[in-house]
Amino acid sequence: MTAWRVIVLLAFGAMTASAEEACIKATVTVDQVREVAAVSPLIYGQFLEHFHRVVYGGIYDPQSPLSDKNGFRRDVMEAIRRIHVPILRWPGGCFASAYHWRDGVGEDRSGTYDKAWRVEDPNTFGTDEFISFCRETGAEPYLCGNAGTGTPEELSDWVEYCNLSIGKWARLRRANGFEEPRRVRYWSIGNENWGGHEIGAKTPDEFARFVAETAKMMRRVDGLIELAAPSLPNADWNKALLGTAGPYLDYIAIHSYEDPLWQNNDPAPYARCMKWSVNPEALISKTHDLLRSLGNTRIRVAYDEWNLRGWHHPNFTAPVADIPARDANDLNKTYTCADAVYAGCFLNACLRHADIVGMANFAPLVNSRGAIFTHKDGIVLRPTYHVFDLYANHALSKSIQTSTKSGEFRAEDADVTAMDAALTCSGDGRYALAAVNRHDRLPLRMTLRFPESSLSETAELWTVTGAYPDSFNDVDRPGDVALIKTDITWDPRNPVCTLSPHSVNIVCFTASGK
Ligand code: AHR
């Protein structure tokens, strides 16, 4: 039976008694429609790094007949527009910590050695190309500055180049063909500067001073920018950073990858991925607690790199890096329903914590571990792409408190709840309930308890899944994991809906409250 037939039968409740027994049960209760916070649209953000085929041969490929006159892949841009990517972080990642923006603007673009990834970067894709790419696709550019080998002045000069209309750097931008300021609002001072792997890593105090002085200059250039700085759930780091640079910052940035594939490309099986799918929420809560304990009520969390799978770049800090091995990141069979379900759980955690999460960036957008894979004749939309399609097009703008109860799924040596849910609404009677079924084999029968109100008798169920937990999409099987819509009818006084195994769903309904 195809996955689609399973979904349709389940959604219409066409189950035999024994099939019903073989369901996991779960309840979502809304005692009162109480708003957690407005959802930041930036949680559906993405990331591009100069790494392997992410930029060159990914979004940017001047030799390809599929590219436009700027060298941007038209098929990639169209896919980006469909999921309304709200913000794109660039140029790294580790790459940013030794990148000098002036190498990538103007006519003279000689290649430079990339000290992070140990290859030559041609510099043909630089600041102006990136901002133009963002403007073409509707994403806000989010520039990550070099806090490794760069200086405060270099970063503030970059703000001048992008956003001013006077001064030497604005004149350079104009000479390069961009008369009007390019209005880049989001900036980050550095990337993972706390880590020994990072070029120009710093101690908490060194970094805090660097951020404060850099932010001061950047804000003198443009007082309207929003600033982030790298963090991790560590009291010393945050005490120094917030104590010295806190007043300048809008976000602290955290990262996570669960599957440690840096050295060995041996992707974890489905059940282990489910065990990990609770980790992002724990990291958000821990970071929130730290911020609170330091007396902060203003700075928000930018989860500006996240993915289930760590990138494969063996020996990248060893005497000899294995660069050809990086091709393994591009094997489409790696990215399965496990990646989709993990992504659904991640986005649900951001929705539930809408009061603190201001931004999130899936890492990366294209190729490597990304949601979109490019090849010479087109693209493959990996399972995670469909999850962004689901949330960006169907989740709503306010996060609502719920309590949930769910049967469990044995995820290797741990029990996790089979269901993970988050409720959003629009404020005009429309609701979107995001619900993941982590179970690998069993459907989940979800009951919704809503406060006294009249619920619609019909609902739309949008589902991302495939026939098997390990289903994936590739050039010769582009639709094994897909997003499909089912119209459902339920009893408005006892609404029940069945979710397919290993699926990510949004149920859209209306309610008029009392
Ligand atoms: O493996 C990719 C790297 O992961 C990114 O460049 C960095 O920011 C993170 O450590």
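Both ligands and their constituent atoms are indexed starting at 1 by order of listing.
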### Query
Does G93, backbone or side chain, put an N or O under 3.5 Å from an N or O of ligand 1?
no
### Query
Is it the case that R477 places NZ or CZ above or below the six-membered ring of F472, under 6.0 angstrom from the centre and within 45 degrees of the axis?
yes
### ligand 1 contact by Y257, heavy-atom criterion under 4.0 angstrom
yes
### Message
Within ligand 1, which atoms have a heavy atom of H313 less than 4.0 Å away?
### Response
1 (O), 2 (C)
### Task
Looking only at protein heavy atoms, identify the closest one to atom 4 (O) of ligand 1 and say how far it is in Å.
E305 OE1, 3.6 Å
#### Entry: Positive for side-chain contact (heavy atoms from CB on, under 4.5 Å) with W117, one of H52, H50, E49
E49
### Contact atoms of ligand 1, heavy-atom distance to E192 under 4.0 Å
7 (C), 8 (O), 9 (C), 10 (O)
#### Entry: Cation-pi, F178 ring and R182 (6.0 angstrom, 45 degrees)
yes
### Message
Quick check for you: to the nearest 0.5 Å, what is the distance between L48 atom CG and L88 atom CG?
### Response
4.5 Å
### Query
Which atoms of ligand 1 are found less than 4.0 Å from any heavy atom of W117?
6 (O)
### Query
With distance as the sole test, does R109 use its side chain to make a donor-acceptor pair with the main-chain N or O of N123 at under 3.5 Å?
yes
### Message
Starting from atom 2 (C) of ligand 1, what is the nearest protein heavy atom, named by residue and atom, and what distance separates them?
### Response
W311 CE3, 3.2 Å
### Query
Can we say D389 and R82 salt-bridge, meaning some charged N sits less than 4.0 Å from an Asp/Glu carboxylate O?
no
### Message
As an exercise, identify every atom of ligand 1 less than 4.0 angstrom from a heavy atom of E49.
### Response
5 (C), 6 (O)
